[in-house]
Each structure stands twice: as C-alpha cells, then as structure tokens.
Amino acid sequence: MGNLREEVPAVPWLMLAEKEGKEESREFFDLSKDVTYSTSFPELVGKRCLGVGFPGWIFTADEQKKMNLFHLFSRSVINLPDMDMLEGFDYEWERGSCRYYVEKAVISSNPLTTSDYVLALIQGYPRCFAFWRPGQKSFTNVETPRRAYSDITWHGGQFYGVDFMGNIIIFDFRGSEEYPTVATVVKGIPPSLTRGTQLYMVHSLGELLVITRDGAFLDEDGSYGVKEFHVYKIDVDRESYEEVADLGNRALFLGSSATLAVAQAYKIEGCKGNCIYFTDDCWQSYFNIERGGGKDMGIYNLLDGTIEPHYTGESYHKFSPPLWIFK
C-alpha cells in the first residue's frame with residue numbers, strides 16, 4: 001500500500017466552507033492560480049468533511065450518525081458503518097455535535113484503485129483508535145493504554161499515532177492477521193514541549209515528523225490563533241527526537257485533513273518550501289463562536305516565524321470550515 005503525496009507534486013486546493021443559502025454549491029480556491037472555482041455538491045450539504053490523504057477523497061459525517069467516504073471528482077460514495085458501530089459512542093450524549101465525533105480519518109490506499117485498504121479513525125470519547133476494512137459491518141477498536149490521540153499517519157504498512165503527550169504508537173498491519181500488532185509505546189517529544197499544543201505527524205523523505213501548533217486553544221481572553229509551529233524528527237528505534245529548523249524544499253499541509261508533505265514545493269507554482277500551510281481545525285476553540293471556524297489559517301515560514309495568508313477572503317462555518325484537497 002502506498003504512502004502520502006510526495007512522488008509527484010500536487011497542486012493543493014482549499015475547499016471553502018459551506019455558505020448559508022448556497023449550501024449545495026462548494027467553492028475551491030486554487031493556490032497556484034489565485035482563482036476560485038464553484039461546483040454543485042448536494043452530497044455534502046450539512047456534513048462535516050475531513051481529508052483522508054488521497055486526491056479527491058474526503059470523509060463525511062452528519063448529525064444522523066451517517067458516515068461515508070466520498071470522491072469529489074468521480075462522486076463515488078463508500079457507505080461506512082454508522083457511528084453506533086464505534087465502541088463507546090453515545091448518541092444521547094453526542095446529540096447536537098455528532099459531526100465532530102470523528103476527529104481524524106486516514107486511508108492507507110486509494111479506494112479507486114484497490115479494495116485492499118484500511119480506514120483509520122481517531123474518534124471522540126473514549127478517544128480510541130478504530131479501523132475498518134471494506135466488507136466489514138462494524139469498526140474495530142484497538143486496545144491501547146488510555147490515550148488522547150492528536151493525529152495519525154500511514155507509512156509502510158503501519159499506522160502511526162501521536163498522543164497529546166508526544167508519544168508515538170505504532171499499529172502494524174503488515175501481518176496476515178486482520179487485527180494489527182500494537183507496538184510498544186515509543187517515547188517521542190517530552191510533554192514540556194507539547195503541553196497546550198495541537199500535534200500533527202507525517203512521514204517525509206524517510207523521516208517521521210511531528211509538528212506542534214501553539215495557539216490552537218483558547219487563551220484567557222477567549223481568543224485563539226497560531227503563535228508558532230515547531231517540527232521534530234522522531235527516531236523510533238532510539239526513542240529520541242531532534243528539532244528540525246529547516247525543511248528545505250518541503251512544504252507541509254495540515255488542518256482538517258491527513259497531514260501531507262510535498263517534497264518538491266518549488267516545482268509547484270504558488271507553493272513555497274520551508275513553509276507550513278495550515279487551516280483552522282481547532283473545533284474545541286471555535287465550537288461556541290458564533291461564526292464558527294475559519295479564521296486561523298495561513299502560511300507559516302519555519303525560518304523566520306512569519307505568517308502570511310494563503311486565502312484573503314473570509315470562509316467561516318460551525319462544522320465545515322476550509323480544508324485541503326489534493327488533485
């Protein structure tokens with residue numbers, strides 16, 4: 001099974017938020033051409049969307065507990081088991097916020113080219129890692145010590161999870177058994193460096209990277225927004241970490257999608273190396289804000305810590321703020 005988009009540079013599009021009164025029409029902002037396109041997508045009305053790591057594919061969830069994989073270009077739909085099939089899900093408790101229950105979704109391979117893939121989820125309480133294969137009637141939870149996962153990524157037959165304490169958990173799907181082997185928890189970044197941050201992870205050029213986002217949660221004055229990012233390279237075998245101060249020609253894209261790395265950003269018009277392109281996925285912060293999420297977006301330069309916008313318009317929504325889509 002393949003990994004994320006590093007072999008051939010892709011032009012990322014920003015799928016903008018659902019608009020009141022124009023719910024069936026979704027806009028897409030092309031970073032390279034500074035152009036916005038509009039297409040009708042009645043399939044997405046009222047649904048929260050998450051990017052899953054392959055071009056065009058998104059995960060959707062609605063308030064009726066329905067979940068799907070949807071391909072924007074072919075409009076193919078893969079029906080998933082309902083949220084009721086997730087261990088620990090309590091509809092009465094989650095009523096009114098079911099769309100947020102799944103916090104991250106990542107697939108191992110492109111469903112357009114193979115049926116041999118795995119969908120992994122980070123679900124809400126009890127913050128479990130769950131997975132599903134085509135043909136299964138329910139999700140399978142993987143028992144690990146109680147942890148709150150922040151992100152997951154796929155690489156070389158394994159899912160890697162990072163919890164909010166900076167630990168790395170490896171779920172090995174390379175064996176013949178349907179149930180993965182769970183590796184011993186690997187010490188990653190010390191909690192002193194991750195406390196109060198949102199964490200992301202991705203494999204890039206043979207390195208496992210963990211990224212911390214400071215400013216993702218509400219300050220005392222009720223505001224939030226990126227202050228800085230830090231990138232760390234994790235050595236799983238030695239259980240050590242090293243801060244990365246220079247990404248070279250790489251660009252990272254993170255938010256309400258699988259975290260993606262582009263290795264040759266200079267080959268993409270409008271894409272800059274040594275930068276982190278981010279969208280607002282801080283739903284714990286914007287959930288009770290009237291306009292919803294969408295303000296905390298931009299391009300963070302890892303070398304000098306400056307932030308500039310990638311989209312200068314406004315795009316806000318309670319449960320469907322902008323996210324990255326790869327062609």
Side-chain angles (χ1 to χ4, degrees), residues 1-13 31-32 51-55 57 104 106-110 113 117-118 120 150-162 166-174 183 186-189 193-194 197-213 228-255 257-279 299-305 310 324-327:
M1 299 183 192
N3 191 30
L4 302 179
R5 299 278 295 175
E6 287 195 325
E7 295 83 3
V8 180
V11 179
W13 282 8
L31 287 172
S32 64
V52 295
F54 280 85
W57 282 104
K104 209 80 173 188
V106 175
I107 51 178
S108 62
S109 297
N110 189 343
T113 60
Y117 65 90
V118 183
S150 183
D151 199 6
I152 47 176
T153 191
W154 171 265
H155 179 75
Q158 301 179 111
F159 279 106
Y160 293 72
V162 61
N167 298 305
I168 310 300
I169 301 88
I170 304 171
F171 306 91
D172 192 343
F173 282 83
R174 293 174 297 181
V186 175
K187 293 180 181 178
I189 309 169
L193 299 178
T194 65
T197 69
Q198 183 86 333
L199 278 72
Y200 307 86
M201 70 186 313
V202 66
H203 270 88
S204 174
L205 299 180
E207 299 175 340
L208 177 62
L209 302 179
V210 171
I211 306 100
T212 64
R213 175 181 189 158
E228 60 182 357
F229 287 94
H230 290 277
V231 180
Y232 299 93
K233 179 174 65 175
I234 308 298
D235 188 323
V236 172
D237 295 328
R238 296 183 179 180
E239 297 196 42
S240 62
Y241 71 96
E242 176 186 350
E243 185 163 7
V244 178
D246 189 343
L247 286 169
N249 286 320
R250 288 179 290 184
L252 305 180
F253 291 80
L254 50 84
S257 300
T259 306
L260 297 167
V262 173
Q264 298 175 316
Y266 68 95
K267 290 187 177 181
I268 304 177
E269 185 179 357
C271 186
K272 303 176 182 180
N274 238 323
C275 287
I276 298 172
Y277 290 72
F278 62 97
T279 60
I299 306 170
Y300 182 87
N301 188 309
L302 192 62
L303 290 181
D304 60 20
H310 48 62
W324 296 118
I325 297 295
F326 280 69
K327 294 176 62 180

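What you see is a predicted model; the values in this text were computed from it and never measured.
The minimum heavy-atom distance between Gly255 and Thr279, with the atom names listed, is CA-OG1, 3.3 Å. A pairwise comparison of heavy atoms in Asn167 and Ile169 identifies O-CD1, 3.8 Å as the closest pair. The two residues Asn301 and Cys275 come nearest to each other via the heavy atoms CA-SG, 4.1 Å. The minimum heavy-atom distance between Asp172 and Gly157, with the atom names listed, is OD1-O, 3.9 Å.
Looking only at side-chain heavy atoms (C-beta outward), Asp151 and Thr259 come within less than 4.5 Å of each other. Looking only at side-chain heavy atoms (C-beta outward), Asn110 and Trp57 come within less than 4.5 Å of each other. Counting heavy atoms from C-beta outward, Tyr300 and Leu252 have side chains that stay 4.5 Å or more apart. The shortest distance between side-chain heavy atoms of Ile189 and Ile234 falls below 4.5 Å. Asp235 places none of its side-chain heavy atoms less than 4.5 Å from the side chain of Glu242. The shortest side-chain heavy-atom distance between Thr194 and Leu199 falls under the 4.5 Å cut-off.
The salt bridge (charged side-chain N to carboxylate O under 4.0 Å, His left out) search around Glu207 returns Lys233, Arg250, not counting sequence neighbours. His230 is linked by a ring pair (Phe, Tyr, Trp, His ring centres under 6.0 Å) to nothing, counting only residues two or more places apart in sequence or in another chain. Considering only residues two or more places apart in sequence or on other chains, Lys272 meets the salt bridge (charged side-chain N to carboxylate O under 4.0 Å, His left out) condition with Glu308. Residues passing the ring pair (Phe, Tyr, Trp, His ring centres under 6.0 Å) test with Tyr200: none are found, sequence neighbours excluded. Partners of Asp237 under the side chain to side chain donor-acceptor pair (under 3.5 Å) rule, at least two apart in sequence or in another chain, do not exist in this structure. Legend: residues meeting side-chain contact (heavy atoms from CB on, under 4.5 Å) with Ala251, ordered by chain and number and at least two apart, are Phe253, Ala265, Cys271, Tyr277.
Separating the OG atom in Ser150 from the CD1 atom in Ile211 is a distance of 10.0 Å, to the nearest 0.5 Å. Considering OG of Ser108 and CH2 of Trp154, their distance stands at 4.5 Å, rounded to 0.5 Å. How far CD1 of Ile170 is from NE2 of His155: 10.5 Å, rounded to the nearest 0.5 Å. Here the CG-CG distance, from Leu209 to Leu247, works out to 7.0 Å after rounding to the nearest 0.5 Å.
With no hydrogens or angles considered, a side-chain donor-acceptor pair links Asn274 and Asp246 at under 3.5 Å. For the residue pair Glu243 and Tyr241, no side-chain donor N or O sits within less than 3.5 Å of a side-chain acceptor on the partner.
Side-chain atoms of His310 come within 3.5 Å of backbone atoms of Phe278 as a donor-acceptor pair (strictly under, hydrogens ignored). Glu239 places a side-chain N or O within 3.5 Å of a backbone atom of Lys187 that can act as its donor or acceptor partner. Remark: the backbone N or O of Trp324 is paired with a side-chain donor or acceptor of Ser257 at under 3.5 angstrom. Thr212 places no side-chain N or O within donor-acceptor distance of the main-chain N or O of Phe229, the cut-off being under 3.5 Å.
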Could you give me the CA-CA distance, side-chain angles and deciding distance for Val106 and Val52, then say whether side chain to side chain contact (heavy atoms under 4.5 Å, CB included) is met?
CA-CA 4 Å; Val106 175; Val52 295; 5.7 Å; no
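When each of Ile152, Leu254, Leu208 is checked for a side chain to side chain contact (heavy atoms under 4.5 Å, CB included) with Met201, only Leu208 meets the rule.
Aromatic rings from Phe159 and Phe173 are positioned such that their centres are separated by under 6.0 Å.
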